[in-house]
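Structure, as structure tokens:
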Number of protein chains: 4
Amino acid sequence: MRADAQRNRARILAAADEVFAAKGAAASTEEVAAKAGVAIGTVFRHFPTKNDLLTALMKELVRELAAEVESLVRQGDPATSLFTFFAHLVERASSRKTVVDLLGVDIRVSEQLQLLREAVGILLDQAQAAGVVRSNVLLDEVMALLAATSQGALHSGWDADLRERTLAIIFTGLRSAQL
Amino acid sequence: MRADAQRNRARILAAADEVFAAKGAAASTEEVAAKAGVAIGTVFRHFPTKNDLLTALMKELVRELAAEVESLVRQGDPATSLFTFFAHLVERASSRKTVVDLLGVDIRVSEQLQLLREAVGILLDQAQAAGVVRSNVLLDEVMALLAATSQGALHSGWDADLRERTLAIIFTGLRSAQL
Amino acid sequence: MRADAQRNRARILAAADEVFAAKGAAASTEEVAAKAGVAIGTVFRHFPTKNDLLTALMKELVRELAAEVESLVRQGDPATSLFTFFAHLVERASSRKTVVDLLGVDIRVSEQLQLLREAVGILLDQAQAAGVVRSNVLLDEVMALLAATSQGALHSGWDADLRERTLAIIFTGLRSAQL
Amino acid sequence: MRADAQRNRARILAAADEVFAAKGAAASTEEVAAKAGVAIGTVFRHFPTKNDLLTALMKELVRELAAEVESLVRQGDPATSLFTFFAHLVERASSRKTVVDLLGVDIRVSEQLQLLREAVGILLDQAQAAGVVRSNVLLDEVMALLAATSQGALHSGWDADLRERTLAIIFTGLRSAQL
DNA sequence: GATGAATGAGGGTTCATTCAT
DNA sequence: AATGAATGAACCCTCATTCAT
């Protein structure tokens, strides 16, 4: 791929991220093109379908998240890394409708999610090994809470404070030694 | 309002509930009209805007939920009513896209939510008085968890089992005496 | 259907006939709408797909042709009716690209053509009974010649004179007593 | 012109022939480029317009046909060469949408057809001299029948058998001694 | 000369909303 | 009040053509 094409592809992805983050996946491809500063045809050359664009965005997102998890696995505190990642993802979701739409809705891309799922699985294992998460908590529930909270974080009412307090309740629920 | 107009209004709301529940708010007004057995013009006479129709649906939903809360306040076990209601709402959301869309997205109708908020507030008070919910849990967090979990419940992966286990974590987080 | 809708439907069909006759089936639906004096949405309300519009045009055409054949069967000279119809169809095709496109190309509407085929079959029977068409000529060949000549008649070079002389050759080929 | 340019030109023409033969002139230039193994820009450098490419194809076709006629004139049986050529062209058309589209539709290239016309004229003269075609048959009619039958041969229903029987009728019409 | 990315007009289709019947 | 036809902006996508690399 030529240098300018590479540049445009990146620009389009960035524009799409912004636009879809603000207005959700229902925003028009035309708007993405405008924000990227290219003609509509250029968007469709790089992503032949609107859905392809959304999927690419999703892959990008999952890649970043997985990288973050990996970094936590290597350098973070095994006991708290799960909570750290959880909080970070939710914080991020609060300003990005795309994160939410993609994390939750599209079934066809769930293969992509598998990657993320496995990464989070490691964090969960660590936390359970460290004894800060009950051993009967399954990865399924953690993923479900992750997705649900990300969705929720989008709403207007969720400021940093509410987010923190809500997560505190969930983290308490995950901690061992109760019941 | 004439008797038949009254009847039509009810029919349209019922149809809208069904249609939007199945396909989300993106479904066409025409489809609602068809399912209601009226012409498209009739829908717009009753609800001048598609958004008006969605808002009306929301009011209806909140009214029902509030009624359910009230009934729990009167006849339910004060200690567990909050959890009962929470679980029921989430279960309901899992098959009704409308619940989710409305509960989460539309900001302009949040006045309507006030009613529900107050009702849930009573349940929370009761649960805290009964000592099954920590006293430092605020209504804000409960509402946030309610909304988030409702959204999450929509996803394909959420079967009854996962729903139950996920809620169990949240309920544990709400319970007192831990940490 | 309301009176105005009926009127518009007719107008659209007439406009489509004209437009497609002049430019072939590749002409835009928008142009049809403009010529009909309606908005684009109206065209699609009556014919949900461009192909539906073309098919409707085809049905209309076949209906007319079949009616003409029937009238010939009832009142025409059995010996010459086939030739009369043949000549008339080709003459008509010479100014109507639609006739040609539809008669020849679209496979999905061939059920419609069945009607025409049967009608022409009667004319052929009559002509053979009258002894002016060889008895070993099959309906298949007649239909093939009909279609081919209609297509050919579209070309710029075909004036009335050329048409007549070309048909004379074909008619001679169909006549009995030679070879 | 450089050697590689020459080679590319030939490749593009070959690819265009294949592609347009299969899908008709509506196929995209991009597809031609792909099949030719060159970039789209190269196609447009050699043929500044899609129509130029089609015209070139036409020239090529006419050249081939004229060569075939010439070979028939030199070595064929004067009495039957016209029929041989006629049958061969129609057979070829049955698998090549291009032949048909070009032979029939484009007016601007009719100068090219002049060449073919003259060649066919020779065959006709021969056949009339041999007494197997009526002397009052004009070249115009033969060309018209040639074009019409080529178009017709494209349709799905035309198998080898139908083609043969249909041509038999036309050939009979051309033969002398009848009427 | 070749490459292939960018352009942007144009096409089919949908749908909220308006308005004549 | 109800009907349902008409409107037209907006959307996704295609493709001939141009032009920077």
Side-chain angles (χ1 to χ4, degrees), chain A residues 1-9 12 26-31 33 36-53, chain B residues 1-9 26-34 37-53, chain C residues 1-9 12 26-33 36-53, chain D residues 1-6 8-9 26-34 37-53:
Chain A
M1 198 187 302
R2 260 160 43 178
D4 54 343
Q6 194 85 340
R7 202 164 43 242
N8 272 340
R9 203 194 126 94
I12 290 168
S28 85
T29 312
E30 198 93 31
E31 193 175 348
V38 301
I40 182 67
T42 303
V43 175
F44 279 94
R45 160 171 270 266
H46 285 280
F47 307 96
T49 279
K50 184 181 181 178
N51 201 62
D52 289 341
L53 177 54
Chain B
M1 196 187 300
R2 267 162 38 178
D4 57 341
Q6 194 84 330
R7 202 164 43 242
N8 273 344
R9 204 193 125 92
S28 84
T29 313
E30 193 89 40
E31 194 176 341
V32 172
V38 302
I40 181 68
T42 303
V43 174
F44 277 90
R45 162 167 279 267
H46 284 280
F47 308 95
T49 279
K50 186 180 182 179
N51 201 61
D52 290 340
L53 176 54
Chain C
M1 198 187 301
R2 261 160 41 180
D4 54 343
Q6 193 86 339
R7 200 163 44 243
N8 272 342
R9 203 193 126 94
I12 291 168
S28 84
T29 312
E30 198 94 32
E31 191 175 350
V32 172
V38 301
I40 183 66
T42 302
V43 175
F44 278 93
R45 161 172 269 265
H46 284 280
F47 308 96
T49 280
K50 185 180 181 179
N51 201 60
D52 289 341
L53 177 55
Chain D
M1 196 188 298
R2 266 160 39 178
D4 57 341
Q6 194 84 333
N8 273 343
R9 204 193 124 93
S28 83
T29 313
E30 193 90 40
E31 193 176 342
V32 172
V38 302
I40 181 69
T42 304
V43 175
F44 276 90
R45 163 166 280 267
H46 283 282
F47 308 95
T49 278
K50 186 180 182 178
N51 201 62
D52 289 340
L53 176 55

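Each chain gets a letter, A, B and so on, in the order the sequences are listed, and its residues count up from 1. These numbers come from the heavy atoms of this one structure, side chains and all, not from hydrogens, waters or symmetry mates.
Summarising the geometry, the separation between CZ on Arg45(D) and C1' on dT3(E) is reported as 11 Å, rounded to the nearest angstrom. Across the protein-nucleic acid pair, Glu30(C) atom CD and dT7(F) atom C1' stand 12 Å apart, rounded to whole Å. Look at CG on Asn51(A): it is 17 Å from P on dC11(F), rounded to the nearest Å. Lys50(C) has its NZ atom 15 Å from the P atom of dT14(E), to the nearest Å.
For Asn8(C), the side-chain atoms get nearest to dA5(F) when compared with the rest of dT18(E), dC11(F), dA5(F). Side-chain atoms of Asp4(C) lie closest to dT21(E) of the nucleotides dG12(E), dT21(E), dT3(E). The side chain of Phe44(B) has dT18(E) as its nearest neighbour among dT17(F), dT18(E), dC13(F). Of the candidate nucleotides dA16(F), dG12(E), dA2(F), dG12(E) has the atom lying nearest to any side-chain atom of Thr29(C). The side chain of Ala5(D) sits closest to dA2(E) out of dT3(F), dA5(E), dA2(E).
Checking Ala39(A) against Pro48(B), the closest nucleotide of DNA chain E that is more toward the 5' end is the one next to Ala39(A). Mapping Ile40(A) and Gln6(D) onto DNA chain E via the closest heavy atom, the residue that lands nearer the 5' end is Gln6(D).
Residue Ile12(A) holds its CD1 atom at 12.0 Å from CZ of Arg7(A), rounded to the nearest 0.5 Å.
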Handout entry: Pair pattern of DNA chain F in dot-bracket, where unpaired bases get dots and | marks partners in another strand, Watson-Crick or G-U under 3.5 angstrom
Key = .||||||||||||||||||||

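Using a 4.0 Å heavy-atom cutoff across all strands shown, Thr42(B) reaches at least one base atom of the nucleic acid.
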